[in-house]
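One structure is given below, encoded as structure tokens.
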Amino acid sequence: RAKLAGGNRYQVFSEEMHLMACDRLSLEVGLRQAIERDEFTLFYQPIYRLSDNRLYGFEALIRWQHPTQGLLLPDRFIPLAEETGLILPIGDWVIWRACRDLQHWQEQFPQCQLSVNVNLSNRQLMHPALAEQVLAALEQTQIPAHCLHLEITESVSIDQPEQVRDVLLRLKAQGIKLSLDDFGTGYSSLCYLTHLPIDILKVDRRFVKLITETEQKHLVIDAIVSLAKGLELEVVAEGVEHPYQVTRLRELGCDYAQGYYFSQPLSIEQVDVLLAEMHAT
Ligand code: C2E
Ligand code: MG
Ligand code: MG
Ligand code: MG
């Protein structure tokens, strides 16, 4: 009996695995077509300066308008894109799209001096063409280099640190700003800080979450902000959802914040409305 049950379980398991493999395969086929069919789109989450509550810029966040499954978030397809190498053409598209969108907003609202943040995968950082692609996008769109911020994450270890460092130094020499995303969640946060030419720290939202209404001491976030100040880096808090978090972050000397308290990621049309409203007041 036990053997029979075991046998059945095995059967079910392998069917599940088969389904998973099919799922993956159709996702991969879909991803390849998505580039040609222009199914990706960028949403933009506003980032605010805490000292004066002014809009500072946007983080570009990719979405996939899937033909049958609706709007897919990056967690659904970026890991597979990274695995298959499709992140290279996708990432190149993101850089171009974000620079063009910023160019458009800067032309329409020149007094805003907005910046745009673009997330990079490690795979892009390791690719020899990255610097050319970024510099070409800047030249073509004529946006000032300091308005482009590249976000790199420490969540995956970098295999060739010297090569990555050289690429980042080259980009930085042109005036591009470099952000360390999800700070505090990786294995090697402090190694990254000392080894890579970072300008801005983005404190991961799990630390911002520790700021509650009743808790008076926020040692971890306090320490991260102090560390950033000591290293002369600017600090952005991610995932800010409550007004008391804004108050506390401002008191701690955090420079910028983004999160649902301020705004969800917005479509292009919503950004146009936001900027037009700002301009009108
Ligand atoms: P991330 O770069 O850390 O982006 C912040 C994520 O937090 C976004 O999720 C955003 O929608 C979400 N978020 C913003 N405010 C709040 C908040 O107040 N509360 C909570 N709970 N979440 C908030 P999203 O858009 O699903 O993106 C997830 C991740 O996918 C990003 O994390 C980034 O690592 C990656 N990603 C997004 N776009 C790209 C891209 O163009 N290229 C690459 N390589 N990765 C991307
Ligand atoms: Mg990011
Ligand atoms: Mg982040
Ligand atoms: Mg994150």
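We count ligands from 1, going down the list as the structure has it; atoms in each ligand are counted the same way. Everything numeric here is computed off the predicted structure, so don't read it as measured data.
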Answer yes or no for Arg63: is there a heavy-atom contact with ligand 1 below 4.0 Å? yes
From the list Lys229, Arg49, Arg250, side-chain hydrogen bond (donor to acceptor under 3.5 Å, both in side chains) partner of Asp255 resolves to Lys229
What do you reckon, does Gly239 put a non-hydrogen atom under 4.0 Å from ligand 1? yes
Carefully, step by step, assess His218 and Leu249 under the rule side-chain contact (heavy atoms from CB on, under 4.5 Å). CA-CA 10 Å; His218 310 287; Leu249 286 163; over 6 Å; no
Counting heavy atoms under 4.0 Å, the part of Ile90 that contacts ligand 1 is neither
Structural part of Arg205 in contact with ligand 1, heavy atom criterion under 4.0 angstrom: side chain
Could you check which of Val118, Asn119, Leu42 puts a non-hydrogen atom nearest to atom 43 (C) of ligand 1? Asn119
Any carboxylate oxygen within less than 4.0 angstrom of a Lys/Arg side-chain nitrogen, looking at Glu59 and Lys202? yes
Would you say the side-chain atoms of Ser121 and Glu82 include a donor-acceptor pair closer than 3.5 Å? yes
Evaluate side-chain contact (heavy atoms from CB on, under 4.5 Å) for Leu233 paired with Leu193, printing each intermediate quantity in order. CA-CA 10 Å; Leu233 305 173; Leu193 272 192; 3.8 Å; yes
Hey, quick one: are Ile200 and Val116 part of the same hydrophobic cluster, counting side-chain heavy atoms closer than 4.5 Å, chains of contacts allowed? no
Polar-atom distance check: Glu238 versus ligand 1, any N or O pair below 3.5 Å? yes
Between Leu61 and Asn119, is a side-chain contact (heavy atoms from CB on, under 4.5 Å) present by the stated rule, with each step listed? CA-CA 8 Å; Leu61 296 161; Asn119 290 285; 3.8 Å; yes
Salt-bridge criterion met for Arg170 and Glu132 (N-O under 4.0 Å): yes
Say whether Lys202 and ligand 1 are in contact under the criterion: heavy-atom distance to a ligand atom below 4.0 Å. no
Taking the side chain as C-beta and beyond, is there a heavy-atom pair between Leu274 and Phe58 under 4.5 Å? yes
Asp181 N/O to ligand 1 N/O under 3.5 Å: yes
Backbone or side chain, does any N or O of Ile62 fall under 3.5 Å from an N or O of ligand 1? yes
Among N, O or S atoms, Glu151 approaches the Mg ion (ligand 2) most closely through OE1
Which heavy atom in Arg63 sits nearest to a heavy atom in Pro74, and how many Å separate them? NH1-CD, 3.3 Å
Val94 neighbourhood, listing ligand 1 atoms whose heavy-atom distance to it stays under 4.0 Å: 41 (O)
May I ask you to check if any N/O/S atom from Asn119 comes under 2.8 Å of the Mg ion (ligand 2)? yes
The Mg ion (ligand 3) to nearest N/O/S of Glu238 less than 2.8 Å: yes
Relative to ligand 1, is Pro265 under 4.0 angstrom through side chain, backbone, both or neither, heavy atoms considered? side chain
Answer key: the N, O or S atom of Asp181 nearest to the Mg ion (ligand 2) is OD2
Does Ile268 form a side-chain contact (heavy atoms from CB on, under 4.5 Å) with Thr41? I'd like the steps, not just the answer. CA-CA 9 Å; Ile268 299 269; Thr41 163; 5.6 Å; no
Below a 4.0 angstrom heavy-atom separation, can you tell me which part of Gln45, side chain or backbone, both or neither, approaches ligand 1? side chain
Specify whether an N/O/S atom of Glu59 falls short of 2.8 Å from the Mg ion (ligand 2). yes
So, 2.8 Å as the limit: is an N/O/S atom of Asp182 located closer than that to the Mg ion (ligand 3)? yes
